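A quick write-up on the structure given underneath.
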Amino acid sequence: MRKQNFRNIAIIAHVDHGKTTLVDGMLRQSGIFRENQALTDRVMDNMDLERERGITISAKNTAIEYEGVKINIIDTPGHADFGGEVERGLNLVDGAMLLVDASEGPLPQTRFVVKKALEKNLKIILVINKIDRPDSRISEVIDEVFDLFIDLDATEEQIDFPILYTIAKDGVAHLDLEDDSNDLRPLFNTILNYIDGPEANDDHVPQLLIANLDYDAYVGQIAIGRLGNGVLKMNTNYLLMGEHKHTPNVKFSALYTFEGLRRQQVEEVVAGDIIAFAGIDSITIGDTITSIENPALLPRIKVDEPTVSMIFYVNTSPFAGQDGKYLTSRHILARLEKETRLNVALQIEQIKNRADAFEVKGRGELQMAVLIETMRREGYEFMVSKPRVITKEIDGHLSEPVEMLYLDIPEEFVGVMSEKLSVRKGRMVNIINHGSGRVNLEFRIPSRGLIGFRTTFMTDTKGAGVMNTIMEGYEPWFGAIPQRNTGALVSDRPGKVTAYASLSMEDRGELQIEVGTQVYGGMVIGERNRPGDLDVNITREKKLTNMRSANADATVTLRKPHLLTLDQAIEFISENELVEITPDNIRIRKMELDPVKRLSQMRKEKRQDD
């Protein structure tokens with residue numbers, strides 16, 4: 001039977017189309033906050049990294065009450081690298097609000113989230129957001145959404161969706177562009193009228209599927225999920241059904257329902273609601289809580305396989321241990337295992353015959369960079385390798401992941417982009433010129449060809465380009481793809497960088513460290529302006545003599561160094577380099593610090609290639 005006192009809905013969209021802002025408006029207008037309560041924008045983005053990058057990284061849920069009906073809302077990420085969060089969030093809901101920018105229209109991630117929602121047969125409400133933009137093209141965007149649904153083989157019932165028009169930042173929704181609505185009531189009413197209540201029965205055997213994990217300093221690990229059937233109570237024994245073993249007689253130390261941004265502690269929870277509980281530590285996402293006497297297992301959450309891997313090493317550089325709090329392989333492995341429990345899209349494997357290296361597999365470079373940055377801020381110190389794609393054997397052929405690349409660039413950069421992507425095995429499949437000075441390009445390209453491309457793209461388009469990707473599938477190996485065509489400037493000794501030595505490096509390439517920085521032998525200090533690495537003495541000082549020079553007092557003006565961010569460092573490194581990450585520093589180094597051994601390895605590899 002359907003329970004009409006609940007509605008469970010997810011908000012899905014491409015990056016920056018206004019999901020979290022719309023949730024802000026819904027929370028404010030539902031009466032969750034006090035009138036005098038101080039509020040920040042994007043209250044659901046509570047991680048520091050989410051606020052800094054302006055994106056949602058993990059799916060989060062909240063709840064509001066409207067006309068006696070509790071509406072559970074899941075705010076999902078809009079970036080393809082965090083697609084596992086979207087898939088996990090959609091397991092909790094019966095419907096979805098699809099937000100589309102009134103100017104940009106449906107973009108690559110829109111396609112991804114709509115495909116996942118249609119596969120789960122969710123009812124969809126189309127919300128055209130930012131209708132106040134001067135460049136909005138509402139009717140064309142609606143047509144594009146219909147085309148997208150048809151392209152994804154949606155049924156007639158799925159295509160027959162209601163449409164609303166919103167300005168999320170002002171908290172306004174319209175059923176018709178001409179109506180005089182000045183709040184979000186049309187949106188609330190549409191959710192109640194169009195989205196069905198959950199199919200649930202309080203008298204059935206309890207069935208709770210774990211979809212998310214959280215941590216509270218007071219009660220410990222908290223599991224979040226949707227109670228499909230039955231009633232769960234405090235002080236009652238239940239069965240935990242994991243992937244590999246079943247644990248009987250588990251009890252809750254606390255039961256919660258959601259109310260706004262808070263968890264409300266209760267004695268029992270009923271079917272159809274999204275709930276949380278504490279007291280069971282050995283739990284993972286996808287497990288089922290059910291009755292001991294009559295267990296009923298729910299299907300585990302399945303997510304798409306990872307496509308990119310990086311190797312995490314214990315830091316072995318000469319500066320190891322100076323900044324970090326957690327340095328050992330035991331610390332790093334424990335932290336990575338904790339992450340895999342929270343994030344079902346990540347996988348970890350121990351490197352054979354090595355106790356100090358772990359292969360981490362995920363959805364993309366951004367997901368890896370967020371994990372690395374999070375660990376760095378928590379006090380971990382480690383090194384990471386260049387990202388590489390995960391290949392498969394399909395029909396006896398080595399295959400690699402392929403992505404659709406969508407570029408929105410000024411017209412004058414079409415030639416340079418086409419040239420750069422053709423070298424990376426990209427094939428143009430579509431070009432659209434709107435006549436406004438900007439062009440949309442679509443390329444089919446191996447994921448390998450996109451590693452390190454984002455920085456090149458932003459440089460070549462002078463920061464005016466927009467780039468999006470979406471996983472398309474696997475195709476036979478494309479062959480060799482050139483990556484960085486320049487060498488590195490490598491310090492040949494430890495010491496402190498001097499202005500005198502830096503000046504002499506200006507015609508050799510671009511420095512990536514500032515004067516006064518401590519360096520060690522084998523540390524990469526810059527990018528050379530030609531192929532091949534160059535070992536240099538960056539600590540050299542000017543010799544003092546008794547002779548007076550005519551230009552001794554001349555002021556030396558150095559070119560500003562190009563200091564790399566974490567994302568840029570990961571994109572920049574080549575196969576024989578590592579990024580050294582500490583809470584205070586990001587350095588690039590050679591895998592082999594000794595220049596003699598490095599040269600010997602290079603000659604050996606060259607002989608093998610010949």
Side-chain angles (χ1 to χ4, degrees), residues 313-324 327 376 381-384 386 455 459 484-566 568-603:
Y313 297 89
V314 172
N315 190 8
T316 56
S317 84
F319 293 168
Q322 292 185 3
D323 304 337
L327 317 169
R376 185 171 88 92
E381 191 172 303
F382 53 99
M383 304 183 298
V384 296
K386 183 179 180 64
T455 304
T459 303
R484 198 175 83 203
N485 56 8
T486 56
L489 297 173
V490 185
S491 174
D492 64 356
R493 69 197 70 194
K496 188 180 284 189
V497 177
T498 64
Y500 181 69
S502 298
L503 182 65
S504 62
M505 289 300 116
E506 292 206 339
D507 59 343
R508 303 288 182 94
E510 184 177 40
L511 289 179
Q512 295 169 343
I513 52 173
E514 294 178 310
V515 173
T517 304
Q518 288 285 349
V519 296
Y520 54 81
M523 178 173 159
V524 174
I525 58 164
E527 182 177 8
R528 194 182 180 192
N529 52 15
R530 62 179 65 188
D533 296 339
L534 181 66
D535 290 309
V536 297
N537 179 5
I538 196 66
T539 66
R540 185 161 54 102
E541 295 181 348
K542 188 174 181 180
K543 297 291 184 242
L544 299 176
T545 69
N546 289 329
M547 299 296 293
R548 185 176 179 87
S549 171
N551 61 350
D553 297 325
T555 302
V556 173
T557 305
L558 290 174
R559 200 164 59 214
K560 192 175 180 182
H562 179 209
L563 304 179
L564 299 182
T565 63
L566 173 62
Q568 290 169 337
I570 291 171
E571 287 189 355
F572 173 78
I573 59 174
S574 61
E575 297 291 345
N576 65 346
E577 293 167 353
L578 299 170
V579 182
E580 179 191 347
I581 290 133
T582 75
D584 299 330
N585 295 287
I586 295 169
R587 306 183 186 97
I588 298 175
R589 53 160 279 180
K590 289 294 177 181
M591 279 189 181
E592 177 53 66
L593 297 179
D594 189 310
V596 178
K597 290 181 180 177
R598 206 159 58 234
L599 185 61
S600 173
Q601 281 179 359
M602 193 170 70
R603 285 174 178 165

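The model shown is predicted, which means the values in this text are computed figures rather than measured ones.
Rounded to the nearest 0.5 Å, atoms CD1 (I570) and CD1 (I588) are 10.0 Å apart. In this structure, OG in S491 is found 7.0 Å from CD1 in I513, a value given to the nearest 0.5 Å.
Side chain of R589 to main chain of M591: a donor-acceptor pair is present (N/O by atom type, distance under 3.5 Å, no hydrogens or angles). At least one donor-acceptor pair under 3.5 Å links the side chain of R598 to the backbone N or O of E592. Remark: side-chain polar atoms of E506 are paired, donor with acceptor, to backbone N or O of R559 under 3.5 angstrom. Listed for the E381 side chain is a donor-acceptor partner under 3.5 Å among the backbone atoms of G321.
In summary, of the residues considered (N537, L534, L558, V536), a side chain to side chain contact (heavy atoms under 4.5 Å, CB included) with M505 occurs for V536 alone.
The two residues P531 and N485 have their closest heavy-atom pair at CG-O, 3.7 Å. When all heavy atoms are compared, the tightest approach of V524 to A488 is CG1-CB, 3.9 Å. In plain terms, the two heavy atoms of G509 and N529 that are nearest each other are N-ND2, 3.7 Å. When all heavy atoms are compared, the tightest approach of L327 to V314 is O-CG1, 3.5 Å. Pairing each heavy atom of Y313 with each of L578, the nearest pair is CE1-CD2, 3.6 Å. When all heavy atoms of L563 and Q568 are compared, the pair lying nearest together is O-OE1, 3.9 Å.
Checking T582 against D584 by side-chain atom types alone, no donor-acceptor pair falls below 3.5 Å. E527 and T486 share a side-chain donor-acceptor pair at under 3.5 Å.
Inter-residue side-chain proximity for P583 and D323 is flagged as met; some heavy-atom pair is nearer than 4.5 Å. A heavy-atom distance below 4.5 Å is not found between the side chains of V497 and L511. Considering only heavy atoms from C-beta on, P318 comes within 4.5 Å of L593 through its side chain.
Enclosure of atom CD in Q322 by more than 12 non-hydrogen atoms of other residues, nucleotides or ligands within 6.0 angstrom is indicated.
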* Could you walk me through whether N576 and D533 pass the side chain to side chain contact (heavy atoms under 4.5 Å, CB included) check? -> CA-CA 11 Å; N576 65 346; D533 296 339; 4.1 Å; yes
* To do: Output, in order, the C-alpha distance, side-chain angles, deciding distance and verdict of side chain to side chain contact (heavy atoms under 4.5 Å, CB included) for V579 and I586.
  => CA-CA 7 Å; V579 182; I586 295 169; 3.8 Å; yes
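Legend: salt bridge (Lys or Arg N to Asp or Glu O under 4.0 Å) pairs involving residues 571-583, not counting sequence neighbours, sorted by first then second residue: R484-E577, E577-K590, E580-R587.
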